Amino acid sequence: MGKKYIIPSVILGRAEIEKILPHRDSALLLDQVEIHEGKNSATGFLTVRDEHCLGHFPGNPIFRAVLREEMMAQVLAFAAGAAIPEGYL
C-alpha cells in the first residue's frame, strides 16, 4: 500500500509568516509553512543553520530540543488558525 500525501491548501514563505507571527531573526524558526485546512493541520520547515546549534557539544553540534519545541509551537499557531471557522473571530 502506497503512502498517502496531504496536499497543502496554502504554502507560506518567511515573508508571509512574519506578517502573522511576531517572532523575528533567530527567534523565528520557520522558513515555510504548509497549511492543510481540511485536516486542521500544518507542517513547518526550517533550514537548520549554525546559529541554531551554538553552545552544545563543540565539534558535534545538535539542534536543541527547546528549539524543536518552540518550532512546534509556531507551527501549532498555523494549525490552530486553520481550525477556526472563517468569520468566527
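Here, residue 1 is the first one in the sequence, and each next residue gets the next number. Computed from a predicted model, the values in this text were never measured in an experiment.
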Rounded distance (nearest 0.5 Å) linking atom [atom1] of [X] with atom [atom2] of [Y]:
{"X": "Glu69", "Y": "Arg64", "atom1": "CD", "atom2": "CZ", "result": "12.0 Å"}
{"X": "Glu70", "Y": "Leu76", "atom1": "CD", "atom2": "CG", "result": "11.0 Å"}
{"X": "Phe78", "Y": "Ile17", "atom1": "CZ", "atom2": "CD1", "result": "5.0 Å"}
{"X": "Ile35", "Y": "Leu12", "atom1": "CD1", "atom2": "CG", "result": "4.5 Å"}

What is the minimum heavy-atom distance between [X] and [Y], and which atoms define it?
{"X": "Gly44", "Y": "Val75", "result": "CA-CG2, 3.6 Å"}
{"X": "Arg14", "Y": "Leu30", "result": "NH1-O, 3.2 Å"}
{"X": "Pro61", "Y": "Gly59", "result": "CD-C, 3.6 Å"}
{"X": "Glu18", "Y": "His23", "result": "CG-O, 4.5 Å"}
{"X": "Gln74", "Y": "Ala27", "result": "NE2-O, 2.9 Å"}
{"X": "Leu29", "Y": "Met71", "result": "O-CG, 3.6 Å"}

Subject >> Any Val48 side-chain heavy atom under 4.5 Å of Cys53 side chain >> reply: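 SC-SC contact between Val48 and Cys53 confirmed.
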
Original post:
Same cluster or not: are Val33 and Phe45 linked, directly or through other Ile, Leu, Val, Met, Phe, Trp or Tyr residues, by side-chain heavy atoms under 4.5 angstrom apart?
Top reply: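 Per the 4.5 Å side-chain linkage, Val33 and Phe45 are not co-clustered.
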
Original post:
So, Arg49 side chain and Leu46 main chain: donor-acceptor pair closer than 3.5 Å or not?
Top reply: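 Side chain of Arg49 to backbone of Leu46, a donor-acceptor pair under 3.5 Å: no, none is there.
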
